[in-house]
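See below for the structure under consideration.
Note that the structure is predicted; figures quoted are calculated from it, not measured. A note on names: the letters A, B, ... follow the listed sequences, proteins ahead of strands, and every chain is numbered from 1.
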Amino acid sequence: MAILLDMRRGKEQKNKWHIYEEIGTEMSHFNLSAEIDRYAYTNALSKNSPVTKLLFALSLLLISVLSPSPVAPITVFLTSTSLILFCAKIPLRFYLRLLWYPTLIVALTCVIIALFFGYQEPLAEVNLLGLRWIIFRDGVATGFTTFFRVAGALSSQFFLVLTTPMTSILLVLRKARVPKIIVEMSLLIYRYIFVFIEVMETMRIAQELRLGYSGWLKKLRSLSMLIGNLFIRTLDQGERTFTAMSARGYDGNIRVLEDLPKPSNVALAGIIFFAVALAIIAYLTMDLRIV
Amino acid sequence: MHIMEGFLPHPWWEIWFAVSIVVVILGVYKLKKLTERFPEAKPLLAVMGAFVFVLSALKLPSVTGSCSHPTGSGLAAVVLGPAIASVLSAIVLLFQALLLAHGGLTTLGANIFSMGIVGPFVGYGLWVASKKVRLPTSVGVFLAVALADLSTYVTTSVQLALAFPSTSFMDSFITFGSIFAVTQIPLAIGEGILAIFLFDFLVKYKGKLLSAMNVIGLRVGLQSQEDAK
Amino acid sequence: MLFRLENLSHQYSDGTLALDNISLSFAKGERIALLGPNGSGKTTLLLHLNGILKPTSGKVYFEDKPLEYSPKALLELRRRVGFVFQDPNDQLFAPTVKQDVAFGPLNLGQPADQVKKAVDEALRLVGMSEYAEKPPHFLSFGQKKRVALAGVLAMQPEAIILDEPTSNLDPRGTSEILHLLLRLNKELGLTLILATHDVDMVPLFANKLYILNKGKLVSEGAPAELFSDAELIRSINLRSPRITHLFEVLKKEDNLPINPRLPLTISEARKEILRLLESGRREKKKRTTA
Amino acid sequence: MLFRLENLSHQYSDGTLALDNISLSFAKGERIALLGPNGSGKTTLLLHLNGILKPTSGKVYFEDKPLEYSPKALLELRRRVGFVFQDPNDQLFAPTVKQDVAFGPLNLGQPADQVKKAVDEALRLVGMSEYAEKPPHFLSFGQKKRVALAGVLAMQPEAIILDEPTSNLDPRGTSEILHLLLRLNKELGLTLILATHDVDMVPLFANKLYILNKGKLVSEGAPAELFSDAELIRSINLRSPRITHLFEVLKKEDNLPINPRLPLTISEARKEILRLLESGRREKKKRTTA
Ligand SMILES: Nc1ncnc2c1ncn2[C@@H]1O[C@H](COP(=O)(O)OP(=O)(O)OP(=O)(O)O)[C@@H](O)[C@H]1O
Ligand SMILES: Nc1ncnc2c1ncn2[C@@H]1O[C@H](COP(=O)(O)OP(=O)(O)OP(=O)(O)O)[C@@H](O)[C@H]1O
Ligand SMILES: [Mg+2]
Ligand SMILES: [Mg+2]
């Protein structure tokens with residue numbers, strides 16, 4: 001999921017296994033993508049203009065990433081989070097579920113950065129594991145900045161994906177002159193992601209019901225069968241999809257109907273105003289340092 | 001191996017974006033030419049992209065007891081060539097960022113560079129080289145895919161070390177590199193082995209179709225004929 | 001003749017001879033059912049009508065001209081002949097219901113507002129208007145099936161080929177789709193070609209029936225005729241409609257004076273039973289008056 | 001009681017209440033049919049029996065003990081209760097038919113020769129022996145369905161749960177599977193739990209029928225009882241078996257003196273018609289003699 005997460009994964013996995021044992025089924029990321037997707041189509045803001053939402057999310061994202069101090073990213077985080085919770089009406093529980101994992105990873109990484117990275121101005125010394133560690137000021141500063149930058153950026157990304165249906169995002173990209181072939185392929189990929197997720201989940205359950213996961217070796221064997229079979233089905237599906245497309249007059253171009261909700265000028269003006277204000281804040285607080 | 005949204009500071013994410021976009025545009029150009037000649041390629045490539053996405057959402061058990069997922073870009077490069085593989089990876093990475101929160105939008109450039117460019121080019125280079133020295137197909141596929149994986153992880157370490165230098169670049173590189181090595185090496189081997197099977201399926205079940213379509217045809221078709229001899 | 005098959009054979013690449021020397025013809029405006037057990041070659045045959053499969057030997061004629069397999073000729077053919085696949089997941093490839101239904105009309109080069117109208121109309125016909133903006137993976141199987149049909153209807157074809165249109169649908173769904181199809185046939189003169197192994201459905205739908213078995217055309221004719229030949233039907237893994245079967249038993253086992261043209265549907269059966277009772281009475285009367 | 005559900009409800013994460021406060025129990029050795037229209041919650045209910053889904057409220061009891069969801073308990077449960085999926089494509093994942101059928105027995109840790117025997121036997125039972133070496137994706141749908149059943153039979157379970165076992169099968173296939181199931185039930189005492197919306201099949205198969213609609217248990221009892229209530233059946237998108245429907249019409253429209261317990265199967269219908277004719281005669285006789 002993120003940087004440095006592999007290091008932690010062993011432990012994460014064990015923790016999660018406990019949860020799975022409680023729920024009875026092993027969760028995968030599938031649920032996550034399916035649920036994100038569902039909220040994108042059903043949240044209270046889903047009918048608003050995707051252009052507005054995209055502009056808003058991207059400008060907040062850019063400000064978070066470009067701002068040297070944590071003030072702007074924190075503002076961004078608070079803004080996006082309240083919009084997600086109060087305007088889009090995404091349940092807090094789900095938002096936290098999305099958030100806790102990256103937060104944990106990033107916090108951990110930032111601690112590592114703070115501890116091991118840096119060489120100017122020793123700040124403190126700790127004795128740990130029989131070794132003496134020197135903590136440097138610039139390391140800690142980088143750690144903090146990184147943490148808040150990620151928080152701001154992630155929350156604006158979540159705002160985008162939780163409020164905007166993927167199809168509208170792709171159609172906006174098409175309007176924005178992203179190469180047509182990329183958009184066309186994305187539209188197809190998007191559809192088949194969910195077809196395959198369903199297939200994969202059902203197939204995994206079918207294997208589980210015939211005891212395919214009752215042991216490490218069996219699990220590996222079952223998984224390889226699963227992947228192999230899904231791959232064959234993938235290839236088949238490619239052919240059948242082509243057949244189905246041909247049967248409806250596909251000639252190499254995938255045409256789409258464009259009728260997206262129109263952006264409202266008030267909203268656009270509001271976004272620009274907010275972004276400029278944030279940018280100014282970011283500029284003014286440039287030299288602010290936490291440590 | 002995805003770098004999380006917002007993790008790379010300015011100006012690094014912009015730099016990687018700039019570098020990646022050049023290659024992706026080249027790939028788009030090639031892909032466009034391919035799909036113009038073979039409309040069948042679009043759905044086929046799309047389902048392959050969806051397959052890679054689904055694989056990445058699946059938790060695979062690996063030797064350390066941890067979990068990780070394959071990148072798929074090595075096999076894609078062997079089959080489709082590195083330029084097209086880079087476009088496909090770019091799209092898959094976009095979906096991973098949006099639907100799984102794997103990676104992010106600003107770090108898309110950096111992730112495309114490591115996973116969609118370095119990986120495929122290394123993999124493809126090795127595949128071509130292994131054919132030159134007449135290694136068996138399975139060995140060639142394994143090497144290409146496993147090393148595509150490893151080169152991806154080395155690249156990510158470089159990207160991180162550049163963005164977060166410790167006392168020196170090397171220092172930082174070694175820190176990041178050794179943290180990743182624990183899971184990435186078994187994973188690379190695992191993906192290499194998996195790729196042998198998938199490649200086999202590809203040739204066995206769809207070889208005819210693919211060579212007829214000429215998407216993968218020229219390479220796979222000729223290759224398998226060569227192997228038959 | 002809309003379609004004519006002449007000594008059509010098809011062998012799959014693994015050697016399976018799925019169609020074996022089939023000759024038949026489908027007229028315009030008919031409601032045609034292809035009936036056959038699993039693996040008899042129904043799907044394979046249908047895929048030839050749309051130029052998706054090519055015969056390994058024999059010929060397909062469309063409006064008395066041999067089918068051409070050039071992209072342009074195929075496009076024209078497919079515009080005029082829609083195809084609804086057995087598995088709606090194969091057919092729904094666009095990210096939303098609306099986009100999917102619009103795919104065909106857009107490919108025909110219709111202007112956007114006309115496409116929109118066609119899409120709305122098609123969705124209305126199949127009763128799926130409220131799902132227009134949903135991605136197909138939010139729908140149930142039956143709903144997907146309807147959307148798949150809408151995608152074809154939106155292209156306003158002259159003929160529709162349907163592969164098992166009612167499989168996995170509940171009785172209400174089945175009856176709704178059947179009535180929709182019958183209406184399309186009646187009002188728009190749409191030719192319908194349908195593959196199925198639901199024998200109970202055939203008499204309600206088809207005016208022409210072809211029976212396939214093991215890749216061979218076993219029999220053709222009006223449903224009533226063919227179902228009267230219970231031996232044939234049973235010999236190829238099919239059965240008569242249950243109603244027909246009932247009367248067959250009454251005729252054979254109980255020696256009742258059943259009309260040789262056995263009833264196929266409930267309404268026919270009702271008439272026959274009333275007739276039986278009536279004639280029973282008359283007979284009695286005759287006997288008692290005699 | 002093999003299974004008992006106590007106030008079972010299940011809500012999917014998107015808020016759909018797929019099962020709403022269901023209480024019922026399945027006895028050992030029974031042949032149980034769950035009947036309901038599309039989306040009524042049949043599949044959801046079945047998935048609870050095998051511990052794949054966990055109730056959001058209520059309890060599942062297996063042999064009068066609450067279901068445990070520990071991996072070990074689930075393993076034991078799944079060894080004893082087999083599950084056949086609606087779509088055989090989901091269930092067939094091995095490269096050949098034989099390997100697929102062997103998947104379960106191998107996971108049970110049986111020795112190789114025993115596995116082989118079990119596989120051969122299972123394939124013979126479903127009539128697919130000759131396809132043992134074929135890759136499943138080359139088979140027709142009906143053939144796949146049989147192989148999927150074989151895969152479960154090879155594990156020699158005590159109960160089998162089947163989700164729409166006969167959908168997409170031709171009549172012979174349907175009747176063969178039904179007879180196979182009935183035989184397994186009779187000879188081995190296998191409990192069978194089956195979800196379907198094929199109303200014509202239910203009377204032939206089930207000795208116990210549960211009707212679901214919109215996640216609620218609408219009715220339960222012997223098939224004959226339940227199908228007599230045509231109003232109920234029709235109100236939930238189902239229909240009566242065609243035979244039953246015929247007699248319903250005869251009773252309502254033509255005021256014939258039909259037995260209030262309407263016939264469900266062909267043999268019952270035959271008796272009823274003969275009785276009608278007979279009583280018609282007797283009546284006449286009475287009248288004429290009077
Ligand atoms: N792609 C394929 N490759 C090889 N054999 C095939 C292929 N598709 C179908 N077959 C075989 O061809 C025969 C006819 O198959 P087809 O799918 O046309 O039957 P069907 O009548 O549609 O059956 P169903 O009612 O089960 O859909 C079967 O024996 C089947 O196994
Ligand atoms: N994974 C899921 N997430 C959300 N809702 C679901 C899910 N699976 C099923 N549902 C919904 O739950 C309800 C019951 O579905 P279920 O599949 O149990 O019905 P069913 O009786 O098996 O229908 P069918 O005859 O079509 O197979 C439906 O409204 C369906 O849309
Ligand atoms: Mg078929
Ligand atoms: Mg179901």
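Using a 30° and 60° split on the angle between ring planes, A:Phe231 and B:Phe51 fall in the tilted class, from 30° to 60°. Taking the six-membered ring where the residue is Trp, A:Phe194 and A:Tyr190 present perpendicular rings, their angle passing 60° and hence far from 30°. The aromatic rings of A:Tyr250 and A:Phe242 sit perpendicular, their planes meeting at an angle over 60°, well past the 30° parallel limit.
Interface remark: A:Ile189 contributes backbone and side-chain atoms alike to the contact with chain B (heavy atom separation under 4.5 Å). Proximity to chain B (any heavy atom under 4.5 Å) is restricted, for A:Leu170, to the side chain, taken from C-beta onward. For chain A, the nearby parts of B:Leu31 are the backbone and the side chain; heavy atoms of each come within less than 4.5 Å. When heavy atoms are compared at a cutoff of 4.5 Å, A:Ile182 approaches chain B by way of both its backbone and its side chain. Only the side chain of B:Phe95 comes within contact range of chain A, judged by heavy atoms closer than 4.5 Å. B:Ile25 does not touch chain A: none of its heavy atoms, backbone or side chain, sits under 4.5 Å away. Of the two parts of A:Leu162, neither the backbone nor the side chain holds a non-hydrogen atom closer than 4.5 Å to a non-hydrogen atom of chain B. In this structure, the portions of A:Met185 lying under 4.5 Å from any heavy atom of chain B include both its backbone and its side chain. Contact of B:Glu36 with chain A is not made at all, since no heavy-atom distance falls under 4.5 Å. Within the 4.5 angstrom heavy-atom criterion, atoms from both the backbone and the side chain of B:Ala97 approach chain A.
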Checking A:Tyr95 against A:Ser155 for the side chain to side chain contact (heavy atoms under 4.5 Å, CB included) test, could you report, in this order, the C-alpha distance in whole Å, the side-chain angles of both residues, the deciding distance, and whether it holds?
CA-CA 10 Å; A:Tyr95 186 56; A:Ser155 66; 3.8 Å; yes

Stepwise side-chain hydrogen bond (donor to acceptor under 3.5 Å, both in side chains) check, B:Glu5 with B:Thr107:
CA-CA 6 Å; B:Glu5 178 62 273; B:Thr107 48; 4.8 Å; no

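Most heavy-atom pairs under 4.5 Å with chain B: of the set A:Thr142, A:Leu230, A:Thr241, this distinction falls to A:Leu230. Counting heavy-atom pairs closer than 4.5 Å to chain B, the top-ranked of the candidates A:Asp37, A:Leu154, A:Val65, A:Leu160 is A:Val65. Between chain B and the options A:Leu61, A:Leu66, A:Ile36, the largest number of non-hydrogen pairs under 4.5 Å is found for A:Leu61.
By the side chain to side chain donor-acceptor pair (under 3.5 Å) test, B:Lys42 is found to be paired with A:Glu184, residues two or more places apart in sequence or in another chain being considered.
Counting only distance, with no hydrogens or angles, the side chain of B:Ser20 and the backbone of B:Phe17 share no donor-acceptor pair below 3.5 Å.
Look at A:Glu201 and A:Arg204 and you find a salt bridge, because one of the NZ, NE, NH1 or NH2 atoms lies within 4.0 Å of a carboxylate O, short of that distance.
Of the inter-residue distances, the one linking B:Leu93 atom CG with B:Leu105 atom CG reads 11.0 Å to the nearest 0.5 angstrom.
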